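Quick notes on the structure that follows.
Chain A is the first sequence line, chain B the second, and so forth, proteins listed ahead of strands; every chain is numbered from 1. In this text, all values refer to a predicted model and were calculated from it rather than measured experimentally. The figures that follow rest on heavy atoms only: side chains count, while hydrogens, waters and symmetry mates do not.
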Amino acid sequence: MSELILYNSLTGQKEKFEPIYEGKVGMYVCGPTLYSEPHMGNMRTFINFDLIYRYLLFSGFKVKYVRNITDAGHITNSLGEAEDSIGKAARLEQLQSLEIVYKYNVKFQELQRIYNLLPPSIEPTATGHIQEQIEIIEKIIENGFAYAVNGSVYFDVRRYCEKFEYGILSGRKIDELAEETRVLNAQEEKRFFADFALWKKANPDDMQIWRSPWGDGNPGWHIECTAMSTKYLGSQFDIHGGGMDLKFPHHEDEIAQSCGSFGCNPARYWLHANMLNVNGQKMSKSFGNYFLPKEIVDGTTNIFSKPFPPHVIRFCMMQAHYRSTLDLSEESLSAAEKGLNRLCDAVDLMNKLKPTVSSSFDVETLIQSFYDAMNDDFNAPILIAQLFEAAKKIFLISNGTETITKGDLDKLKIAVNGFLNDVLGISIQMESNNSKLAPVMDLVLELRQQARINKDWTTSDQIRDGLAAAGIEVKDGKDGTTWG
RNA sequence: GGUCUCGUGGCCGAGCGGCUAGGCACCGGUCUGCAAAACCGCUUACUCCGGUUCGAAUCCGGACGAGACCUCCA
């Protein structure tokens with residue numbers, strides 16, 4: 001049995017996974033900011049961490065998976081105009097902030113269901129934890145790593161550097177940062193350019209305002225994650241995940257906040273999922289190359305000529321490693337669709353296989369390769385390649401080239417179904433949802449079969465062509481005719 | 001401008017010093033009334049130039065190209 005190895009962004013190396021408490025895993029993943037409907041790129045991250053969550057569960061760990069919902073607008077400072085993202089959306093949509101958050105949360109929850117994401121153990125909201133955030137800020141001030149100015153509170157990066165190292169995750173050096181920073185967004189209040197806000201004094205027209213010891217205001221951009229991860233997982237837990245683009249400054253600042261308040265890095269393993277690319281670029285609203293997870297399923301985006309079912313999209317994503325960028329295209333999706341069909345056919349066939357007295361190949365080794373793939377930093381592409389190996393074996397057993405014993409077949413069934421359904425989260429719904437159509441089709445195909453027996457090709461082809469025109473494809477297999 | 005990552009066959013993508021994935025497409029075959037589908041087979045591709053090595057897609061140096069981050073971002 002191989003052991004779980006994962007790539008730790010903190011050290012830049014693959015490391016053996018050793019949980020703090022044996023058999024248990026605490027995992028925190030940065031969730032969405034609900035100022036709009038999450039796009040496909042956002043979904044890829046959540047799907048990837050769903051895979052990781054699923055495999056940890058499958059491996060027998062008791063996992064507490066916390067993924068926050070950011071429902072407090074973070075101040076964006078795009079063109080000198082400071083405005084919080086949710087407040088902005090509210091203004092544009094002429095709704096209240098809470099309506100915006102609620103509206104998009106409903107959509108987000110629906111997407112999770114559509115894409116077969118396991119619900120996290122807890123989905124805490126930022127606004128539900130203002131008090132906790134204030135308490136941590138107070139602690140950081142107490143420890144001397146933050147200061148209050150004019151109703152705002154900033155993290156004191158220079159003081160922090162006297163005791164800790166700022167930039168350990170992203171590999172940035174403070175003095176280099178100074179030169180690199182392109183826009184010094186005129187923060188006269190800050191003592192040092194790299195200081196970041198823990199609490200921001202409210203603007204008179206802010207839609208969401210909270211009371212604090214420093215006056216009315218909003219929590220800073222990074223403090224919510226520190227507050228919620230600490231509350232539900234403790235000051236140090238096993239895995240912290242998120243998208244690659246959160247590495248700096250968000251995760252870096254989380255580390256600073258935790259060190260500044262509790263004296264330790266919040267997570268032992270930092271995992272970062274890579275971006276989804278479309279046309280060679282990160283999917284982003286500003287590039288105009290984004291589409292919504294619902295649109296691709298409904299076929300309402302003009303990027304693709306036809307709709308793709310969610311489990312095909314999931315499968316396609318699983319064929320790339322979570323730390324690699326993935327280019328999603330019509331071609332890669334239809335390739336995934338066909339490949340998945342083949343895999344599903346094999347699974348179907350597996351249940352009808354007839355065992356013999358001996359196995360002509362080593363089933364244990366094949367099954368072990370599934371575990372080895374996932375234990376090596378959740379390498380789903382390799383897992384899928386091995387599942388295709390299994391599929392090939394199944395077909396060969398079926399046509400008599402290979403053989404398998406009853407015991408081996410049972411093991412194979414459990415493993416293949418387990419990895420496909422529980423780990424990859426690809427649920428194969430073979431059920432036809434056309435309960436009224438099914439008997440009609442049975443009748444039609446029986447009539448066609450009669451015609452075929454009578455060598456009445458005109459009639460049988462007429463039926464086939466007619467059905468094809470109606471979008472129903474008829475396939476004459478060895479064991480009868482199927483449709484779909 | 002700074003920091004970093006990456007360049008694999010027609011496409012998507014693993015691998016990360018020798019055993020040279022996988023899927024899709026193409027092509028050949030089996031099956032079939034025809035078609036489609038399905039199944040079988042399909043025999044080395046790693047940007048370029050140097051270097052290290054018995055041996056490099058894999059390590060080192062350089063060139064070119066692409067991307068991410070440095071600002072809200074999954």
Next item on the list: For A:Glu389 and A:Gln386, test the side chains for any donor-to-acceptor distance below 3.5 angstrom and give the result as yes or no.
Entry: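 No, A:Gln386 and A:Glu389 have no side-chain donor paired with an acceptor closer than 3.5 Å.
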Notebook entry, point to check: Any side-chain donor paired with an acceptor under 3.5 Å for A:Asp71 and A:Thr127?
Noted result: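 The criterion, which ignores hydrogens and geometry beyond distance, is satisfied for A:Thr127 and A:Asp71.
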Choose from [options] the nucleotide whose nearest atom is closest to any side-chain atom of [X].
X	options	answer
A:Pro249	B:rC70, B:rA74, B:rC40	B:rC70
A:Asp345	B:rC73, B:rA14, B:rA38	B:rA38
A:Ala335	B:rA21, B:rC39, B:rG23	B:rG23
A:Ser324	B:rC70, B:rG23, B:rA14	B:rA14
A:Arg464	B:rC34, B:rA74, B:rA21	B:rC34
A:Ala385	B:rG23, B:rA21, B:rG33	B:rA21
A:Ala320	B:rG13, B:rC12, B:rA74	B:rG13

Notebook entry, point to check: Which is it for A:Asp456 and A:Arg452 under the salt bridge (Lys or Arg N to Asp or Glu O under 4.0 Å) test, yes or no, and what are the steps along the way?
Noted result: CA-CA 6 Å; A:Asp456 178 5; A:Arg452 293 181 75 208; over 6 Å; no
Is there a donor on the side chain of [X] or the base of [N] sitting less than 3.5 Å from an acceptor on the other?
X	N	result
A:Asp327	B:rG13	no
A:Lys392	B:rC40	no
A:Arg342	B:rA38	no

Note to self: With the six-membered base ring of B:rG23 as reference, does the ring of A:Phe388 sit under 5.5 Å away with planes under 30° apart?
What the structure shows: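 One would not call A:Phe388 stacked on the B:rG23 base.
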Next item on the list: Take atom CG of A:Leu92 as the centre, draw a 6.0 Å sphere, and report whether it contains more than 12 heavy atoms from other residues, nucleotides or ligands.
Entry: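 Enclosed.
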Notebook entry, point to check: Distance check: side-chain N/O of A:Thr325 vs OP1/OP2 of B:rU5, anything under 4.0 Å?
Noted result: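 False: A:Thr325 side-chain N/O out of range (4.0 Å or more) of B:rU5 OP1/OP2.
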Check: So what does the secondary structure string of RNA chain B come out as, 5' to 3', with Watson-Crick or wobble pairs under 3.5 angstrom, [ ] for crossing and | for pairs with another strand?
Finding: (((((((..(((.....[...)))..((((.......)))).....(((((..]....))))))))))))....
Check: Do A:His272 and A:Phe49 have ring centres separated by under 6.0 Å?
Finding: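 Ring centroids of A:His272 and A:Phe49 are no less than 6.0 Å from each other.
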